[in-house]
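The structure appears right after this line, and notes come after that.
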Amino acid sequence: MRGITKRFGPVVANDHVDFEAAWGEVHALVGENGAGKSTLMSILAGLYRPDSGTIEIDGTPVRFRSPRDAIEHGIGMVYQHFMLVEPFTVAENVVLGERRSTVDLGLPRVERELAELSERYGLGVDPKAHIWQLSVGEQQRVEILRLLYLGARILVFDEPTAVLTPQEATSLIRTLRGLAAQGFSVIFISHKLDEVMEVADCISILRRGQIVATTAPNETDRRTLARLMVGRELAALVEHPAVEPRDEREPGETVLALRGVGAIGEKGLPALRDVDLAVRAGETLGIAGVAGNGQSELAEVVTGLRRVTNGTVTIAGRDMTNRPAAEVARAGVAHIPEDRLATGLIGGMDLSANAILREYGRPPLSSGPFLAGQQVNTFTDRLISDHDVKAPGRWAKLRTLSGGNQQKLLLGRELAGSPRLIVAVHPTRGVDIGATEAIHEELRRQRASGAATLLISEDLDELLALSDRIAVLFDGRVMGVLPARGADPEQIGLLMAGVAADAASQTETRSAADG
Amino acid sequence: MASVPLLRGYRIERVPAPSRLATALVSLLSLLLALVFGGIVLALAGENPLTVYQTMLRGALGDWNGVAETLVKTTPLLLAGLGVAVAFRMQLWNIGAEGQLYLGAIFATGTALFLIPTAPGWVMVPAMIVAALIGGGLWGFIPGALRAWFGASEIITSLMLNYVAILFSEYLVHGPWRDPQAYGFPGTPTLPDAAWLARWGTTRVHLGLLFGLIAAVTLWVMFRRTRWGYEIGVMGENPRAAHYAGMPTKRTIILVMVLSGALAGLAGMSEVAGIGHQLQRNLSPGYGYTAIIVAWLARLHPFGAVLVAFLLAVLTVGGDQLQMSLGLPAAIAPMLQGTILFFLLGGDLLTRYRLTRVLGVG
């Protein structure tokens with residue numbers, strides 16, 4: 001791939017990227033969230049078309065109009081979310097991708113060929129099994145089998161181990177090595193440096209849409225890789241205006257305490273394991289981690305939206321383990337959720353309806369079964385003006401506002417009752433710089449007035465600028481807790497990638513967890 | 001990737017906020033197009049469309065008698081339509097208004113004939129209303145509870161309960177509740193006089209219409225001014241936000257389905273007590289299904305339902321007139337209703353979504 005550029009609106013996802021992979025090797029593509037890895041690979045697999053740049057296979061330029069084109073040229077991709085039809089069998093799913101005949105699917109022939117392929121590459125997939133009967137790891141092997149059957153010679157995997165148990169991941173890694181040994185070209189996207197060092201022949205690091213280095217495991221170490229991945233932060237931090245001297249007051253009493261908390265995630269796998277964390281009044285605890293390592297579940301557990309399976313959640317001295325969300329909110333917990341439009345706001349309703357979502361059940365906004373119309377209007381107008389929400393009026397549909405203004409409204413609503421605990425998840429994701437500053441300012445003000453804050457973010461800048469301490473989550477566990485002041489982004493990067501022991505200076509891990 | 005591929009190089013996008021004027025204009029234009037299209041079909045069938053439309057209008061609105069009959073047909077459509085709209089507001093697809101209507105009629109009839117047959121009117125009518133609300137509400141409770149507790153699709157369960165209710169009513173009028181003096185004709189005995197709803201002058205327009213109007217105003221107030229109405233709105237628009245705010249989703253699903261069924265049940269009671277004065281076969285010619293059209297065309301707005309129920313009643317009464325004075329097949333009116341619905345829903349899609357050219361793809 002040469003000079004690949006892809007823009008989404010004003011965002012440049014890939015900026016003149018040159019990328020080469022060889023036959024018979026496993027090539028790892030690493031980088032932070034939003035570095036452009038998935039975009040680059042989606043271009044290779046024919047899902048997106050590049051704005052400029054070319055793709056060559058064995059020196060021959062190719063152009064793909066669709067994933068079908070790509071697969072005809074031998075390039076196939078295994079996505080994080082499998083493209084399988086659950087009630088169908090393995091063979092039926094494979095035939096879905098074909099259009100040779102509409103009358104006779106030739107299933108017996110397909111089943112025979114699949115069984116042979118499965119045997120040859122040691123995939124252990126039964127072509128007659130129904131997808132719903134298979135585990136996630138097996139389904140992933142079905143995807144691989146399908147690509148092999150369709151003639152793919154270059155196999156691309158988008159974070160293949162993210163959805164797997166450790167045992168399944170080990171077995172997948174063995175499969176990837178096997179495929180490379182048989183001459184296939186295997187490209188895989190990952191955040192996990194341990195795994196990258198173990199499986200890859202070649203490693204390319206993508207940062208802010210550009211390839212910053214291509215190296216090999218025997219020429220580098222995890223520390224260097226982590227620095228290359230998050231390196232920019234190191235430089236930017238020095239001159240970042242947001243890092244002001246924090247007032248170093250002693251934080252107050254413990255507001256939030258998690259003890260031995262475990263929870264099950266959406267996929268039915270453990271998402272949090274034995275988490276001990278504490279946040280005190282006037283303190284901000286940042287949570288760093290690569291997406292999908294338990295951050296969402298952590299926020300949900302604290303705000304009463306997800307049940308814990310082990311351990312206890314204590315808020316302001318009261319046991320709030322598995323209490324309903326409304327009760328948690330009444331105890332003074334504000335929640336700025338991860339995906340504001342999907343969770344925290346109602347796009348199809350007007351600003352008033354969105355403004356009163358927390359307070360509608362209490363006076364002065366309601367009296368008896370009725371909403372107090374006049375009070376609702378004043379309340380909304382005040383929220384709009386206090387938080388500088390740019391909107392045509394309170395009657396406007398929320399969906400018509402920009403992301404930043406939506407977020408300011410949400411923030412204003414959540415912080416209205418001077419909360420004791422603020423759970424903020426990616427509070428500035430997808431909002432412009434001006435709104436980001438306003439949101440940061442608001443969070444600092446809340447901290448100064450004594451609120452405890454649990455700040456979950458993938459933006460290290462943001463975490464370092466706002467937090468007093470930073471806890472790193474990996475695979476549902478707290479890998480370590482570091483003071484934010486003078487924290488080493490490299491070390492955070494290593495912890496985020498699941499590298500714990502050798503990173504030394506682990507003195508804080510346990511003691512700091514208790515506040 | 002959230003768009004729907006339709007034509008190569010184009011995609012359908014959601015319009016963030018369709019303006020009221022655009023919505024109204026599109027509805028009007030859709031109605032016009034539907035009449036033109038219906039006219040073409042009529043012309044192909046060898047009829048003069050203008051004569052047909054004129055006959056329909058004159059039949060439904062040409063004289064007081066016509067208007068009165070139109071209001072009679074408006075009544076059950078309005079009550080059942082409001083019931084459907086309540087559920088649809090919360091994205092609960094209650095297709096069971098027909099069965100709920102029958103259950104309301106059965107409960108009301110049973111109350112008047114067997115429970116308190118000698119009660120005076122001021123006891124009888126309220127008692128029948130309560131019975132109908134309970135009966136319809138029960139028929140809404142079942143799919144509501146199945147949905148809330150087990151996640152069963154209320155579309156299927158409410159639809160299937162329609163058959164149960166209709167066949168149960170058949171059983172009653174042929175069997176245990178049949179009037180012994182009716183020479184074997186199916187149907188219950190006539191209700192006591194105290195159970196008859198007051199009528200307006202010599203017309204068949206009865207108190208049920210007032211029930212419908214009161215219900216419309218009450219629902220409007222409920223949606224606009226009460227906490228419960230607000231919660232229903234939030235749960236309908238974004239269930240995750242409702243969960244996030246800690247709203248009691250399961251309880252509300254059940255209550256909304258009960259309310260929805262109760263309103264349809266009231267429609268059944270008002271047909272029995274206002275028109276038939278007995279429970280008979282074919283009590284409803286599908287009011288509960290037409291109610292879905294009412295709710296949808298009214299965009300789930302209570303006052304919109306008043307208007308749409310009236311318009312559909314015009315089509316029904318006018319359609320009857322076609323049979324009587326022009327000798328046209330009975331299928332003409334439903335055909336026109338279907339055409340209008342088709343065009344209105346199509347127009348609705350155009351106000352909410354737009355076709356845009358996608359650059360650089362295809």
Side-chain angles (χ1 to χ4, degrees), chain A residues 6-7 42 47-51 65-66 300 303-306 323-330 335-350 352-354 356-362 365-373 376 392 395-401 410 413-414, chain B residues 1-3 5 8-9 13-20 22-23 88-91 218-252 255 259 299-301 348 351-353 356 358-362:
Chain A
K6 178 72 184 175
R7 291 186 191 83
S42 296
L47 195 64
Y48 300 150
R49 301 173 124 202
D51 297 334
R65 298 168 67 94
S66 67
E300 288 170 356
T303 53
L305 295 173
R306 182 176 293 275
R323 302 303 306 163
E327 191 182 325
V328 175
R330 271 198 301 278
H335 182 196
I336 296 143
E338 180 164 9
D339 185 343
R340 54 185 164 268
L341 258 191
T343 309
L345 297 167
I346 312 115
M349 294 178 96
D350 62 20
S352 318
N354 280 282
I356 64 172
L357 189 63
R358 284 288 181 205
E359 293 289 321
Y360 74 93
R362 270 176 279 182
L365 293 189
S366 75
S367 56
F370 293 100
L371 290 171
V376 168
W395 43 264
K397 291 258 188 289
L398 181 104
R399 198 185 287 120
T400 61
L401 266 56
L410 189 148
R413 179 187 78 201
E414 291 300 312
Chain B
M1 294 282 107
S3 61
R8 207 173 172 83
E13 267 183 2
R14 204 185 166 113
V15 177
S19 79
R20 278 192 185 185
T23 312
F88 279 21
R89 278 250 180 169
M90 210 183 139
Q91 314 250 338
T218 311
L219 287 181
W220 183 80
V221 172
M222 189 187 95
F223 283 128
R224 286 291 292 259
R225 297 265 176 259
T226 69
R227 277 176 11 207
W228 201 54
Y230 170 72
E231 287 182 345
I232 292 172
V234 172
M235 286 182 224
E237 286 279 342
N238 186 353
R240 279 181 64 186
H243 175 64
Y244 160 87
M247 293 178 183
T249 309
K250 287 185 180 183
R251 195 176 74 199
T252 311
L255 286 177
L259 176 61
R299 297 200 159 81
L300 313 185
H301 194 287
D348 193 50
T351 47
R352 283 195 221 176
Y353 298 87
T356 50
V358 184
L359 296 173
V361 174

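So that the names make sense, note that chain A is the first sequence line, chain B the second, and so on, each numbered from 1.
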Return yes when atom CZ of A:Arg362 has more than 12 non-hydrogen atoms of other residues, nucleotides or ligands closer than 6.0 Å, and no otherwise. yes
Heavy-atom donor-acceptor pair, B:Asn238 side chain to A:Gly348 backbone, under 3.5 Å: no
Less than 4.5 Å to any heavy atom of chain B: does that hold for the side chain of A:Glu414, its backbone, both, or neither? side chain
Side chain, backbone, both or neither of A:Ile356 within contact of chain B (heavy atoms, under 4.5 Å): both
Among B:Arg224, B:Arg227, B:Arg225, whose side chain to side chain contact (heavy atoms under 4.5 Å, CB included) with A:Phe370 holds? B:Arg225
Are the side chain of B:Tyr244 and the backbone N or O of A:Pro337 linked by a donor-acceptor pair below 3.5 Å? no
Top of A:Ala372, A:Ala329, A:Ala353 for chain B proximity - count of heavy-atom pairs under 4.5 angstrom: A:Ala353
Can you tell which of A:Pro369, A:Ala325, A:Ala326 has the highest number of heavy-atom pairs within less than 4.5 Å of chain B? A:Pro369
Heavy-atom side-chain contact between A:Leu345 and B:Glu237 under 4.5 Å: no
Output the distance between atom CE (B:Met235) and atom CD1 (A:Ile346), rounded to the nearest 0.5 Å. 11.0 Å
Relative to chain B, which segment of A:Arg413 carries a heavy atom at a distance below 4.5 Å: side chain, backbone, both, or neither? side chain
